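Order of the sequence lines fixes the chain letters, A, B, ..., with proteins taken first and strands second; residue numbering starts at 1 for each chain. Computed from a predicted model, the values in this text were never measured in an experiment.
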Amino acid sequence: MIAKVIVDVPASNVNRTFDYLVPQELEDTVKPGMRVSVPFGPRKLQGFVMGLADEPSVKKLKKINELLDPVPVLTEELLQLGQWVSQKTLCFLITAYQAMIPAALKATYNKEFKMVDGISLEDLPVEAAEWFRHRDRIPMEDLLKVTPTPLGLFQRLVQKNHLEVIYQMADKVTKKKIKLVHASGTKEEILEHMASLSKQAVKQREILSFLLESGEPVVQKDLLEILETTRSAIQSLEQKGYVQTIEKEIYRDPYANRDIKPTEPLPLTMQQEQCIRPVLSALEEQRHETILIHGVTGSGKTEIYLQSIDKVIKKGQEAIVLVPEISLTPQMVNRFKARFGSRVAVLHSALSAGEKYDEWRKIQRKEVSVVVGARSAVFAPFENLGLIIIDEEHESSYKQEENPRYHAREVAVHRGEYHRCPVILGSATPSLESYARAQKGVYTLCELSDRVNQRELPSVSVVDMREELRAGNRSMFSRDLFTKLKEVLSRKEQAVLFLNRRGYSSFILCRDCGYVGECPHCDISLTYHKRQHLLKCHYCGHQEPMPSRCPMCESPYIRFFGTGTQKVEEELARLLPEARVIRMDVDTTGRKGSHERLLNEFGQGKADILLGTQMIAKGLDFPKVTLVGVLAADTMLHLPDFRASEKTFQLLTQVSGRAGRHELTGEVVVQSYTIGHYSIDLASQHDYHAFYDDEMKIRRDHKYPPYYYLTLLSFSHPELMKVVDASEKSASYLSQRVSRGTIILGPVVSPIARIKDRYRYQVMIKYKNEPGLSEMISELLQHFQPEMDANGLQISVDMNAQNIM
DNA sequence: GGCTAGCCCCAA
DNA sequence: TGGGGCTAGCCG
């Protein structure tokens with residue numbers, strides 16, 4: 001029997017299957033979708049079994065070393081889906097498959113040196129012999145830790161046949177196990193054992209009597225804690241054969257110590273009823289349909305999700321719920337856990353690799369029927385999928401910005417077609433792509449225009465910050481916002497202050513000569529980090545001390561500019577010293593769980609003001625928040641991105657939605673330097689439809705999505721000439737082949753012209769219908785392959801680009 | 001991606 | 001002549 005295997009090497013020349021002989025004893029167990037260990041050249045690699053065959057396609061065959069899974073990690077469907085993803089996004093097959101399984105299952109490789117049989121220590125040079133005195137295998141990493149590294153010597157010894165190299169392969173993370181202790185024998189025997197123990201063995205006797213009483217295996221750690229003793233007592237009991245220890249596999253449970261009150265389905269409003277109807281009938285008829293729910297913030301989309309899932313579970317099927325960067329919204333997770341209890345697995349970025357793996361295994365073993373997770377959860381290995389929900393479908397985090405560059409929405413729709421099940425897209429501000437599809441009838445459109453319980457949307461006022469400056473207010477708070485903040489404090493309510501950091505981080509500027517601190521490796525200004533008093537590059541990690549004098553002109557008047565959250569926090573402390581502020585940004589939420597802790601503290605009223613970046617815009621629901629302030633609404637508008645207006649509109653709508661969600665009515669103050677921009681004005685009027693119409697006109701005029709598809713080719717190389725050359729050749733190659741109506745733009749310099757000492761150019765392809773495009777680009781990549789291998793040219797392809805930076 | 005066979009080059 | 005450095009080609 002032959003197994004067709006894809007090996008764990010992302011390279012174009014091995015982007016195909018290799019045939020391996022299946023050892024007789026594995027013939028019954030090996031299945032497509034399993035991971036295997038296979039010899040590849042001199043090495044040992046992980047691979048995926050794509051299929052089985054009787055006849056090999058080559059003569060020379062090697063045997064599979066071992067199976068790495070008792071059951072396939074990729075289902076038949078996922079194997080197919082991987083091929084679809086790799087075609088759609090032009091990535092290697094292996095890259096697509098790796099994206100579908102938890103990182104814990106990715107192999108790690110290392111090499112070890114071992115003495116060849118028949119060679120003794122005396123045969124080796126002293127320097128090498130020293131290493132082998134106490135162990136017979138030396139991992140290569142150990143050799144690299146020493147300077148100068150003896151690696152060269154070891155390699156020479158390998159050539160002399162004194163040493164050999166052993167290739168190791170292991171999973172990244174193992175299953176977590178706990179040790180249980182239980183007493184051997186019957187009750188009578190245990191009592192006998194106790195009697196036979198020596199008088200001094202007090203602890204041992206205590207252990208036996210404890211185990212006797214419990215009657216079942218006890219967790220070793222607990223046992224030691226309760227009886228205040230150490231492992232040695234158990235060890236000596238074990239030696240006498242009085243107790244046994246067993247290892248049991250357990251799940252890490254990130255939600256263990258949490259008390260979630262179960263909830264019951266709520267009665268639906270008329271509008272909610274209307275929205276859930278198409279979902280239920282698609283479920284009933286086992287029919288694929290994509291349903292876009294456009295519901296204002298607080299209109300009860302989640303309840304529709306919950307009741308749809310309930311129906312799916314009752315049918316014995318499974319559901320996937322995607323939420324953007326879910327760790328940010330523990331409230332959302334809790335709502336699903338509250339309704340479906342232990343039938344829910346959670347997959348999000350704040351979990352450790354081991355925790356993610358355990359949650360994933362619950363799905364694989366069919367122990368849960370709902371998964372709530374971020375982007376990659378769209379690949380959850382359910383086999384009887386009944387529903388996929390994408391909440392906040394407009395979120396850019398659903399697009400993966402590295403290979404495979406897939407969009408979770410497209411994968412979801414594809415899986416929905418396969419399983420003949422509905423897909424729900426929900427948002428208060430649908431992406432133009434989705435809304436346009438709904439308008440065309442490709443998706444079913446459902447509108448929820450009212451908030452549940454008829455609560456009013458908060459009133460939004462836009463403040464012209466230039467006007468403030470003219471009036472002599474140089475602070476970052478307008479008079480309006482400041483007054484309202486004080487009122488909120490006096491009413492003992494809460495406020496959320498939102499700072500859109502993107503494009504506004506603090507850079508340093510010399511007031512004399514205009515020098516701006518830039519990264520020596522990237523064409524981007526350095527960001528000042530106050531805590532470490534350092535300048536850092538956010539792209540390559542370069543850092544340098546903050547200069548006290550300008551490196552150009554020696555002027556001492558070098559300062560940092562821009563408004564970071566730290567600076568806002570300081571200003572708040574100065575202006576409103578009585579206010580208790582919680583700041584949330586990358587600096588304060590770095591540690592695991594700190595995000596949730598800060599939000600909990602705010603929810604419990606331990607602070608008056610929550611100050612943060614993007615991460616506080618989504619899904620938060622605090623009853624006492626009555627004021628939302630957006631400190632600078634327009635920072636994003638000026639980025640070189642045709643979606644800038646859309647993103648601004650979405651963000652402002654989301655942020656405004658945080659105010660007045662319960663009994664208290666809410667207010668929003670939006671500060672801006674760009675007055676009269678339609679995205680800010682229409683967001684303040686809560687008018688999505690008008691925004692949609694305006695923005696669509698612009699997209700049509702400029703031939704941007706959703707009127708045109710957009711593919712982006714990015715070229716980078718350490719030498720400017722090489723990038724220019726490759727990108728020009730590519731652009732002209734494509735121009736000669738594409739159909740009329742397709743537009744090739746560029747090559748142009750990328751918005752960030754250089755990152756990590758590599759120059760960057762890009763070519764943009766805009767098209768309505770270009771069926772052969774993937775093939776053309778594949779050929780292009782094929783053509784440049786030698787240069788990519790040999791002299792460091794990099795070409796990245798983003799079919800359907802969301803981000804053009 | 002990583003290994004090595006095969007090539008060239010250069011020092012002795 | 002032999003060893004080092006480099007590259008093309010291959011891995012089943």
Side-chain angles (χ1 to χ4, degrees), chain A residues 1-24 26-27 30 32-68 86 90-99 103 105-114 116 125 139-141 143-144 148-172 402-404 717-718 722 781-796:
Chain A
M1 192 194 253
I2 300 302
K4 303 212 165 272
V5 174
I6 292 268
V7 293
D8 186 14
V9 175
S12 62
N13 44 358
V14 290
N15 191 28
R16 60 192 170 95
T17 58
F18 287 82
D19 286 4
Y20 285 90
L21 201 61
V22 179
Q24 198 108 54
L26 297 179
E27 284 197 355
V30 68
M34 280 183 178
R35 292 174 311 141
V36 288
S37 156
V38 290
F40 195 69
R43 299 180 289 163
K44 198 199 270 180
L45 292 183
Q46 192 185 81
F48 289 92
V49 177
M50 293 291 290
L52 299 165
D54 294 327
E55 294 299 320
S57 53
V58 285
K59 283 205 195 90
K60 210 178 106 211
L61 284 175
K62 285 186 183 173
K63 267 203 289 190
I64 287 177
N65 292 329
E66 58 175 324
L67 300 183
L68 299 173
S86 87
L90 289 181
C91 71
F92 305 123
L93 259 178
I94 188 71
T95 312
Y97 290 135
Q98 295 287 19
L105 293 179
K106 208 171 155 22
T108 54
Y109 302 98
N110 65 39
K111 294 197 296 186
E112 287 178 359
F113 291 92
K114 179 179 174 288
V116 171
M140 188 167 76
E141 358 163 42
L143 298 180
L144 292 173
T149 172
L151 191 59
L153 170 68
F154 275 64
Q155 278 164 347
R156 277 192 296 280
L157 290 168
V158 170
Q159 251 152 36
K160 272 202 197 159
N161 232 349
H162 285 179
L163 296 182
E164 62 182 320
V165 180
I166 311 271
Y167 292 87
Q168 295 287 1
M169 194 196 90
D171 281 358
K172 264 216 173 101
E402 59 199 49
N403 286 333
H717 194 283
K722 292 264 168 58
L781 292 177
Q782 201 71 36
H783 173 261
F784 280 108
Q785 197 61 53
E787 280 185 67
M788 292 169 72
D789 291 341
N791 68 62
L793 176 68
Q794 275 177 20
I795 305 178
S796 82

Over how many whole Å does the gap from [X] atom [atom1] to [N] atom [atom2] extend?
X: A:Ile2; N: C:dG12; atom1: CD1; atom2: P; answer: 13 Å
X: A:Asn15; N: C:dG9; atom1: CG; atom2: P; answer: 20 Å
X: A:Asp8; N: C:dG12; atom1: CG; atom2: P; answer: 16 Å
X: A:Gln785; N: C:dG9; atom1: CD; atom2: C1'; answer: 13 Å
X: A:Met169; N: B:dG1; atom1: CE; atom2: C1'; answer: 15 Å
X: A:Asn13; N: C:dC11; atom1: CG; atom2: C1'; answer: 9 Å
X: A:Phe40; N: C:dC10; atom1: CZ; atom2: C1'; answer: 8 Å
X: A:Tyr20; N: C:dG12; atom1: OH; atom2: P; answer: 6 Å

Exercise for review: Using a 4.0 Å heavy-atom cut-off across all strands, classify A:Lys63 as base, sugar-phosphate, or nothing.
Suggested key: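 The answer is nothing, as A:Lys63 stays clear of every strand by at least 4.0 Å.
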
Check your understanding: Which part of the nucleic acid, if any, lies within reach of A:Tyr167 when heavy atoms closer than 4.0 Å are counted: base, sugar-phosphate only, or nothing?
Key ->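 The answer is sugar-phosphate, as A:Tyr167 gets under 4.0 Å only of primed atoms, P, OP1 or OP2.
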
Using the side-chain hydrogen bond (donor to acceptor under 3.5 Å, both in side chains) criterion, which residues pair with [X]? Sequence neighbours excluded.
X: A:Ser86; answer: none
X: A:Ser12; answer: A:Gln785
X: A:Tyr109; answer: A:Asp8
X: A:Gln168; answer: A:Glu112

Point to revise | Contact summary for A:Leu93 and A:Ile6, nearest pair of heavy atoms | key: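 Closest pair (atom of A:Leu93, atom of A:Ile6, distance): CD1-CD1, 3.5 Å.
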
Review point. Checking A:Arg16 against A:Phe18: charged group under 6.0 Å from the ring centre and within 45 degrees of the axis?
Key: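 Checked: cation-pi criterion met.
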
Can you tabulate the close N/O pairs, meaning under 3.5 Å, that link protein atoms to atoms of nucleotides 5-8 of chain C?
none

**Study point:** Inter- and intrachain pairs under side chain to side chain donor-acceptor pair (under 3.5 Å), touching residues 41-59 of chain A, at least two apart
**Key:**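 Found A:Asp19-A:Ser57.
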
For [X], check side chain to side chain contact (heavy atoms under 4.5 Å, CB included) against everything at least two apart and list the hits.
X: A:Thr95; answer: A:Pro10, A:Cys91, A:Phe92, A:Asn403, A:Pro404
X: A:Pro125; answer: A:Ala128, A:Leu153, A:Leu157
X: A:Val158; answer: A:Phe113, A:Leu163, A:Val165
X: A:Lys114; answer: A:Asp117, A:Arg137, A:Glu164, A:Ile166

Exercise for review: Check each residue of residues 45-61 of chain A for a non-hydrogen atom within less than 4.0 Å of any atom in DNA chain C, then write out the ones that pass by number, or none.
Suggested key: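 Correct list: A:Ser57, A:Val58, A:Lys60, A:Leu61.
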
Give me the distances for all protein-to-nucleotides 1-4 of chain C N/O pairs that come in under 3.5 Å?
none

